[in-house]
Amino acid sequence: MATAVLPCWKHSFKGCDPNGGLPHQCHKLLQFPAHGRQRNSPVRARSEGKRITTAISDINRCSRQEILIGTHSRRMILLLTASLPVMSVQNDLQFFTSNDKFNVHATEVEEAEGEIIKTEIRKVLAKAKAAGLLRLVFHDAGTFNMAKNTGGMNGSIIYELDRPANAGLDRSVKVLEKVKAALDVIMQVSWADLIALAGVEALALCGGPNIRIKLGRQDTKSPDPDGELPEESLNASGLKECFQRKGFSVQELVALSGAHTLGNKGFGNPTNFDNSYFQILLERPWMKASKGNEMATMIGLPSDHALVEDDECLRQCFCRWITTYANDQNKFFDDFAKAYDKLVNSGVHWRTL
C-alpha cells in the first residue's frame with residue numbers, strides 16, 4: 001500500500017512547522033492501492049475505466065503549499081467519503097505530502113459539487129413548480145443596483161418573503177428547504193447557489209436551454225433594500241430604466257421577459273419553456289377580447305403589454321427583439337442563457353479558497 005499524508009482537519013495553520021513539516025499528531029494516513037511495489041510514493045488514482053466517487057472542495061494551503069484542511073474541512077472530508085459518483089477524472093489525481101502541486105482542477109471540483117446539488121434538486125422538482133422556482137431566482141437577483149452596489153444574487157430572498165412583491169414565493173422556498181437540509185449533511189451550499197441552480201434545473205425540465213453557471217456565491221445575513229424589483233405596472237421606458245440600473249441592455253430585458261412563458265400568465269403551455277411568449281405578444285390577444293372570450297384580457301402583465309403597445313417600444317427596439325425571438329427559438333434560448341448567467345452573477349460576493 002502507498003501512503004499519502006494529510007494533516008488532521010482539527011489543526012489550524014498555526015500547527016505548521018516553519019520548516020514545512022507538520023506536528024506528528026496532526027497526520028492522518030490515507031491508504032490507496034499502489035502501482036507496483038513502490039512504497040511511500042505519491043498516490044495516483046488513474047482514470048482508466050474507473051469513476052471516482054468523490055467531490056473535493058475548499059482546500060486551504062499554507063505558505064509552503066502544504067495541503068491543509070481548514071475551516072471547511074468537514075465538508076471536504078464528507079464529500080470525499082459520502083458523495084455520489086459524479087466526477088470522472090480525465091487526468092491523474094495525485095495527493096502529495098510536500099511542496100508539490102495538488103493536481104485537482106477547480107473546474108472538475110465545481111462540476112462535481114454542482115452535480116450533487118442538482119441531483120438533490122431533481123428529487124423535489126416537478127414541472128408545476130418550475131415557474132415558482134424561476135420567479136424565486138428573479139426576485140433574489142432582481143434587487144441588484146449597480147450604482148449603489150447593493151442587492152443581487154445573495155440569498156436575501158429568504159428574509160424578504162413578507163414583501164408584497166414576493167407573495168407566494170414562500171412555497172418555492174419550502175421546496176428548496178428540503179434540498180438544503182439534505183445537502184447540509186454532507187456539504188455547505190449557499191441559498192444563492194441553490195436558488196440559481198434550481199432555476200437552471202427548472203428550465204431544463206420544461207424544455208428550455210441547458211445553462212452552466214459558476215458556483216461559490218456567498219449568502220447575505222440581512223434583507224436587501226426594498227423597491228428595487230421592476231413593478232408590474234411599468235411602461236417600456238420605465239422597464240428600460242429599471243433594467244439599466246441593474247446593468248442590462250434592452251435585448252437582455254426582452255430575453256429575460258421570455259421567462260413569462262412559464263406559469264399561469266397565459267402565454268402558451270404553462271409548463272413548456274419556448275418562444276410562445278413572443279409569438280403571443282405580437283398577436284396582442286388582450287386587445288381583441290370579445291364576448292365569450294373575456295379571458296383574453298387576463299393574458300400577461302401590464303409590463304408585458306407595454307413591450308408591444310408603448311410608443312417608446314418602437315424607439316427602443318423592443319419590437320425588433322420580440323420579433324426576432326418569435327421567429328427564432330434557438331436565438332432566444334442562446335440569448336436567454338447568457339442573460340440568465342449574467343443575472344445570477346449580479347452583485348455576487350464569491351467564496352474564496
Side-chain angles (χ1 to χ4, degrees), residues 118 121-142 166-176 195-213 230 232 239 251-290 292-309 318-341 343-344:
K118 288 191 286 187
I121 291 172
R122 290 166 191 156
K123 293 178 181 179
V124 300
L125 186 59
K127 285 187 175 183
K129 301 174 182 177
L133 290 173
L134 198 56
R135 181 170 168 246
L136 190 65
V137 176
F138 277 68
H139 282 230
D140 191 33
N166 296 329
L169 287 179
D170 57 323
R171 293 190 294 270
S172 297
V173 170
K174 286 179 181 178
V175 171
L176 294 185
I195 292 169
L197 274 178
V200 167
E201 288 301 298
L203 288 164
L205 180 65
C206 294
N210 292 313
I211 305 176
R212 295 175 60 131
I213 61 171
E232 296 178 357
L239 283 171
Q251 178 185 3
E252 291 167 332
L253 185 169
V254 174
L256 289 173
S257 295
H260 285 177
T261 192
L262 290 180
N264 58 2
K265 298 179 180 66
F267 295 104
N269 188 320
T271 59
N272 281 355
F273 189 89
D274 53 26
N275 64 339
S276 61
Y277 171 82
F278 303 104
Q279 295 170 350
I280 294 173
L281 274 184
L282 293 176
E283 295 173 0
R284 306 182 189 186
W286 56 89
M287 299 182 69
K288 304 172 184 177
S290 59
N293 188 31
E294 291 84 359
M295 290 299 294
T297 61
M298 304 297 292
I299 294 176
L301 302 171
S303 56
D304 294 316
H305 303 170
L307 295 180
V308 288
E309 285 181 0
F318 284 85
C319 283
R320 176 165 71 87
W321 288 114
I322 292 171
T323 302
T324 296
Y325 296 148
N327 294 327
D328 190 342
Q329 181 166 283
N330 289 334
K331 174 65 174 171
F332 165 51
F333 277 18
D334 288 344
D335 288 350
F336 183 90
K338 294 173 185 175
Y340 183 92
D341 184 64
L343 177 71
V344 297

Non-hydrogen side-chain atoms of Leu281 and Tyr325 separated by less than 4.5 Å
no
Rounded to the nearest 0.5 Å, how far apart are CZ of Phe278 and CG of Asp328?
11.5 Å
Please round to the nearest 0.5 Å and tell me the distance separating atom OH of Tyr277 and atom CG of Leu282.
10.5 Å
Is there a donor in the side chain of Asp274 and an acceptor in the side chain of Thr261, or the other way round, less than 3.5 Å apart?
yes
Main-chain N/O of Val124 paired to Lys129 side chain as donor or acceptor, under 3.5 Å:
yes
Looking at Asn327 and Thr323, would you say the former's side chain and the latter's main chain have a donor-acceptor pair under 3.5 Å?
yes
Taking everything shown except Arg171 itself, do over 12 heavy atoms lie less than 6.0 Å from its CZ?
no
To the nearest 0.5 Å, how far apart are CD1 in Ile211 and NZ in Lys338?
12.0 Å
Minimum heavy-atom separation for Ala128 and Thr271, please, with both atom names.
N-CG2, 4.5 Å
Does Trp321 reach the side chain of Leu253, with side-chain heavy atoms less than 4.5 Å apart?
no
List the steps and the verdict of side chain to side chain contact (heavy atoms under 4.5 Å, CB included) for Ser276 and Asn269.
CA-CA 8 Å; Ser276 61; Asn269 188 320; over 6 Å; no
Asn275 side chain to Ala326 backbone, donor-acceptor under 3.5 Å:
yes
Holding to salt bridge (charged side-chain N to carboxylate O under 4.0 Å, His left out), I want the full list of residues that pass it with Lys331, two or more places apart in sequence or in another chain.
Asp335
Show the nearest heavy-atom pair for residues Val137 and Gly199, with the distance to one decimal.
CG2-CA, 3.8 Å
Could you report the tightest heavy-atom contact between Ala204 and Asn210, atom names first, then the distance?
CB-OD1, 3.7 Å
Which distance, rounded to the nearest 0.5 Å, do you find between the OG of Ser172 and the NE2 of His139?
10.0 Å
Kindly say whether Leu301 contributes a backbone atom to a donor-acceptor pair with the side chain of Glu232 at under 3.5 angstrom?
no
Roughly how far, to the nearest 0.5 Å, is the CZ atom of Arg122 from the CG atom of Leu197?
9.5 Å
Nearest heavy-atom pair of Val308 and Cys319: which atoms, and what distance?
CA-SG, 4.3 Å
At their closest point, which heavy atom of Tyr340 faces which heavy atom of Val200, and how far apart are they?
OH-N, 3.4 Å
Yes or no on side chain to side chain contact (heavy atoms under 4.5 Å, CB included) for Leu133 and Leu125, after CA distance, side-chain angles and deciding distance?
CA-CA 9 Å; Leu133 290 173; Leu125 186 59; 3.3 Å; yes
Roughly how far apart are Gln329 CD and Asp334 CG, rounded to 0.5 Å?
10.5 Å
On a heavy-atom basis, which atom in Ile121 and which in Ala198 lie closest, and how many Å separate them?
CD1-N, 3.6 Å
Heavy atoms, side chains only, cut-off 4.5 Å: are Lys127 and Phe273 in contact?
no
Quick one: sort the His305 and Trp286 rings into parallel, tilted or perpendicular, breaks at 30° and 60°.
parallel
Within the structure provided, determine whether Asp304 and Ile299 are in side-chain contact (heavy-atom separation under 4.5 Å).
no
